[in-house]
Asks: 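The structure is given below, and queries will be raised subsequently.
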Amino acid sequence: QVQLVESGGGLVQAGGSLRLSCAAIGSIVSINAMGWYRQAPGKQRELLAAITSGGSTNYADSVKGRCTISTDNTKNTVYLQMNSLNAEDTAVYYCNAEITAVVVPIIRTDNYWGQGTQVTVSS
């Protein structure tokens, strides 16, 4: 079984910065890709940034130039550094990962979600 544990959300003033973290915990064989999504009230969940095991990244236009996704492979952790935050960034942020893990009695690849962390930007 694999869990994604997020941290780093909170309240920040407009123009400020936050760094979100997401640690993958469990019987992990490999992590193929990790990403960050967000969902604002009344809106659909949207992909913000993703990174592959090879280090390739892609960003949504809404955060390009303001956010950086990175990983620490020794800790099975993905980060999202967010700068120049504004009120439109207020949302619940979710970590997502495609992970190959031991799910007794087999090894299988699944898509996992974190529990979500609230980011609120005050103007």
Side-chain angles (χ1 to χ4, degrees):
Q1 187 74 354
V2 172
Q3 285 185 313
L4 300 183
V5 180
E6 302 168 6
S7 60
L11 176 64
V12 62
Q13 288 188 333
S17 299
L18 278 177
R19 189 176 81 152
L20 305 181
S21 301
C22 171
I25 301 170
S27 301
I28 296 169
V29 174
S30 63
I31 299 178
N32 307 317
M34 302 188 85
W36 288 95
Y37 289 70
R38 70 183 177 191
Q39 187 166 19
K43 294 188 177 181
Q44 289 188 330
R45 190 172 296 189
E46 62 170 334
L47 173 63
L48 297 180
I51 185 167
T52 68
S53 58
S56 297
T57 59
N58 68 277
Y59 296 91
D61 288 342
S62 59
V63 299
K64 198 172 293 183
R66 299 191 297 123
C67 292
T68 302
I69 189 170
S70 61
T71 56
D72 183 337
N73 295 327
T74 65
K75 298 179 180 179
N76 289 334
T77 298
V78 63
Y79 305 96
L80 185 68
Q81 176 68 43
M82 302 188 293
N83 302 320
S84 302
L85 289 164
N86 58 65
E88 292 183 349
D89 294 314
T90 295
V92 179
Y93 285 68
Y94 296 91
C95 174
N96 176 268
E98 182 182 284
I99 297 174
T100 300
V102 176
V103 183
V104 178
I106 62 173
I107 295 174
R108 54 187 268 180
T109 299
D110 288 298
N111 193 264
Y112 295 89
W113 288 93
Q115 78 281 6
T117 185
Q118 177 70 45
V119 172
T120 302
V121 183
S122 63
S123 55

Asks: So is Arg45 actually on top of Tyr37's ring, under 6.0 Å and inside 45° of the axis?
Replies: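 Pair Arg45/Tyr37 does not count as cation-pi.
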Asks: Mind checking whether Gln1 and Val104 have side chains closer than 4.5 Å, heavy atoms only?
Replies: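 Counting from C-beta outward, Gln1 and Val104 never come under 4.5 Å.
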Asks: I need the minimum non-hydrogen distance between Ile25 and Ile28, along with the two atoms involved.
Replies: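 The pair with the smallest heavy-atom distance is N-CD1, 4.1 Å.
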Asks: Would you indicate whether the side-chain heavy atoms of Thr100 and Ile107 approach each other to under 4.5 Å?
Replies: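 SC-SC contact between Ile107 and Thr100 confirmed.
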Asks: Any heavy-atom pair between the side chains of Val2 and Asp110 that's under 4.5 Å?
Replies: no
Asks: Can you check side-chain contact (heavy atoms from CB on, under 4.5 Å) on Val121 and Leu18, steps first, answer last?
Replies: CA-CA 10 Å; Val121 183; Leu18 278 177; over 6 Å; no
Asks: Of the non-hydrogen atoms in Leu80 and Ala49, which two are nearest, and what is the gap between them?
Replies: CD1-CB, 4.1 Å
Asks: Are the side chains of Cys95 and Trp36 in contact, using a 4.5 Å heavy-atom criterion?
Replies: yes
Asks: Applying a strict under-4.5 Å side-chain criterion to I, L, V, M, F, W and Y, I'd like to know whether Trp113 and Val119 cluster together.
Replies: no
Asks: With a 6.0 Å cut-off (strictly less than), is the heavy-atom count around CD of Gln3, excluding the residue itself, greater than 12?
Replies: no
Asks: Hey, what do you get for CE (Met82) to CZ (Arg66), rounding to the nearest 0.5 Å?
Replies: 8.5 Å
Asks: Can you name the nearest heavy-atom pair linking Ile31 to Met34, along with the distance?
Replies: CG2-CG, 3.4 Å
Asks: Give the cluster check for Val92 versus Val78: same hydrophobic cluster or not, with ILVMFWY residues linked at side-chain heavy-atom distances below 4.5 Å.
Replies: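 As far as the 4.5 Å side-chain criterion goes, Val78 and Val92 are not connected within one cluster.
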Asks: Apply side-chain contact (heavy atoms from CB on, under 4.5 Å) to residues Arg38 and Ser62 and explain how you reach the verdict.
Replies: CA-CA 11 Å; Arg38 70 183 177 191; Ser62 59; 3.7 Å; yes
Asks: Mind running side-chain contact (heavy atoms from CB on, under 4.5 Å) on Asp89 and Val12 for me, showing each step along the way?
Replies: CA-CA 10 Å; Asp89 294 314; Val12 62; over 6 Å; no
Asks: Do you know the tightest heavy-atom contact between Ser122 and Leu11?
Replies: CB-CD1, 4.2 Å
Asks: Just so I know, are the side chains of Ile99 and Leu4 near enough to count as touching, which here means a heavy-atom distance under 4.5 Å?
Replies: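 Of all side-chain heavy-atom pairs linking Leu4 with Ile99, at least one is under 4.5 Å.
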Asks: With side-chain contact (heavy atoms from CB on, under 4.5 Å) as the criterion, how do Cys67 and Leu48 come out once you've worked through the C-alpha distance, each side chain's angles and the decisive distance to 0.1 Å?
Replies: CA-CA 9 Å; Cys67 292; Leu48 297 180; over 6 Å; no
Asks: Whether the side chain of Thr52 engages the backbone of Gly54 through a donor-acceptor N/O pair (distance < 3.5 Å, no angle test) should be reported.
Replies: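 Yes, the answer is positive, given that a donor and an acceptor are paired below the 3.5 Å cut-off.
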Asks: Are Val5 and Tyr112 connected in the hydrophobic side-chain network, where two residues link if heavy atoms are under 4.5 Å apart?
Replies: no
Asks: Ser17 and Ser84: which non-hydrogen atoms are nearest, and at how many Å?
Replies: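 Shortest heavy-atom contact: OG-N, 4.4 Å.
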Asks: Taking atom CG of Leu20 and atom OH of Tyr79, what is their separation to the nearest 0.5 Å?
Replies: 12.0 Å
Asks: Kindly give the heavy-atom pair with the smallest separation between Ser21 and Thr77, and that separation in Å.
Replies: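 So the minimum-distance heavy-atom pair works out to CB-CG2, 4.5 Å.
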Asks: Looking just at side-chain N and O atoms, do Ser53 and Asn32 make a donor-acceptor pair shorter than 3.5 Å?
Replies: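 Distance-only check fails for Ser53 and Asn32.
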Asks: So how far is it from Ile69 CD1 to Ile51 CD1, rounded to the nearest 0.5 Å?
Replies: 5.5 Å
Asks: Using a 3.5 Å distance criterion without hydrogens, assess whether the side chain of Tyr94 forms a donor-acceptor pair with backbone atoms of Glu6.
Replies: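 No; zero donor-acceptor contacts below 3.5 Å.
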Asks: Do other residues, nucleotides or ligands put more than 12 heavy atoms under 6.0 Å from Gln115 CD?
Replies: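 Yes - once you tally the heavy atoms of other residues, nucleotides and ligands closer than 6.0 Å, there are more than 12.
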